[in-house]
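Reminder, nothing fancy here: chain letters follow the sequence lines and each chain counts from 1.
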Amino acid sequence: GAGVSQSPRYKVAKRGQDVALRCDPISGHVSLFWYQQALGQGPEFLTYFQNEAQLDKSGLPSDRFFAERPEGSVSTLKIQRTQQEDSAVYLCASSASMGAEAFFGQGTRLTVV
Amino acid sequence: QKEVEQNSGPLSVPEGAIASLNCTYSDRGSQSFFWYRQYSGKSPELIMSIYSNGDKEDGRFTAQLNKASQYVSLLIRDSQPSDSATYLCAVNLQAGTALIFGKGTTLSVSS
């Protein structure tokens with residue numbers, strides 16, 4: 001596609017529910033990043049992939065967070081047993097190669113009630 | 001020490017003035033440097049990238065990089081009210097690592 005696509009745009013989850021957020025990167029982009037952005041803050045790094053390999057997951061806040069990119073294209077960020085503190089905008093970005101310019105999707109706004 | 005630091009602002013400038021935004025980073029091995037603009041409720045939009053010491057100009061925007069002092073700056077000439085946004089500095093701290101962002105500086109341009 002022409003740009004990075006994320007779905008859903010908005011998600012309301014009840015506390016304790018599992019959610020899955022999808023990211024479809026720019027075609028051919030090998031690097032894919034996930035970020036969490038709270039109101040008034042910069043994007044906080046969660047994890048990143050080079051093709052299907054998850055090279056860094058040091059930013060995942062707990063073992064309830066899991067990300068995958070099994071075929072080196074679409075990626076899914078899964079949050080199990082959601083908590084209120086998980087409420088944030090989740091941003092996905094992709095780049096053609098490591099260190100190259102990264103482009104963001106529209107984000108998914110997650111609200112846990 | 002946070003890896004990428006920015007003053008949160010707000011930075012207020014009158015229309016037509018030069019806005020100067022600054023960013024410092026912790027790792028001397030950093031390779032790639034970017035400025036993003038983020039409007040309220042929108043996702044970050046890439047406006048400048050810079051990879052080597054010196055200045056890089058693109059229209060009204062100039063990015064400046066000084067690796068010895070570990071800072072990168074963004075100058076916006078002839079500031080317009082439409083430039084009012086949060087400006088995010090992002091750095092690849094070392095080759096092969098993820099892109100790390102500062103908290104952003106809020107710019108307000110008054111007409």
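Counting non-hydrogen atoms of other residues, nucleotides and ligands closer than 6.0 Å to CD of A/E71 gives a total of 12 or fewer. Atom CZ of A/R15 sits in a sparse spot, with 12 or fewer heavy atoms from other residues, nucleotides or ligands closer than 6.0 Å. Annotation for A/Y10: atom OH does not count as buried by contact number, only 12 or fewer foreign heavy atoms lying within 6.0 Å. Other residues, nucleotides and ligands contribute over 12 non-hydrogen atoms within 6.0 Å of the NZ atom of B/K67. Within 6.0 Å of atom CG in B/N7, 12 or fewer heavy atoms from other residues, nucleotides or ligands are found, so the atom counts as exposed in its surroundings.
Ring to ring, B/F101 and A/Y35 are close: their centroids are under 6.0 angstrom apart.
Distance check: A/E44 CD to B/K103 NZ gives 5.5 Å after rounding to the nearest 0.5 Å.
Across every non-hydrogen atom of B/P44 and A/P43, the tightest pair is CG-CG, 4.4 Å. Here the closest heavy-atom approach between residue B/N92 and residue A/G99 is recorded as OD1-CA, 3.3 Å. Contact between B/A98 and A/F45 at its shortest, heavy atoms only, is CB-CE1, 3.2 Å. When all heavy atoms of A/A102 and B/L99 are compared, the pair lying nearest together is CB-CD2, 3.9 Å.
Of the atoms belonging to B/Q6, not a single heavy atom falls under 4.5 Å from chain A. For a residue to count as touching a neighbouring chain, one of its non-hydrogen atoms must lie under 4.5 Å from one of that chain's; by this rule B/F33 does not touch chain A. Neither the backbone nor the side chain of A/Q50 comes within less than 4.5 Å of any heavy atom in chain B.
Using a 4.5 Å cut-off between side-chain heavy atoms of Ile, Leu, Val, Met, Phe, Trp and Tyr, with links allowed through other members, B/I47 and B/I76 fall into the same hydrophobic cluster. By the criterion of side-chain heavy atoms lying less than 4.5 angstrom apart, applied directly or through intervening Ile, Leu, Val, Met, Phe, Trp or Tyr residues, A/Y48 is not grouped with A/L60; the two fall into different hydrophobic clusters. There is no path of hydrophobic side-chain contacts, each under 4.5 Å, that joins B/L88 to A/L46.
A 4.5 Å side-chain heavy-atom check between B/E45 and A/F104 finds every atom pair outside the cut-off.
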Run the side-chain hydrogen bond (donor to acceptor under 3.5 Å, both in side chains) check on B/S43 and A/Q106 step by step: do they pass? CA-CA 5 Å; B/S43 61; A/Q106 320 94 306; over 6 Å; no

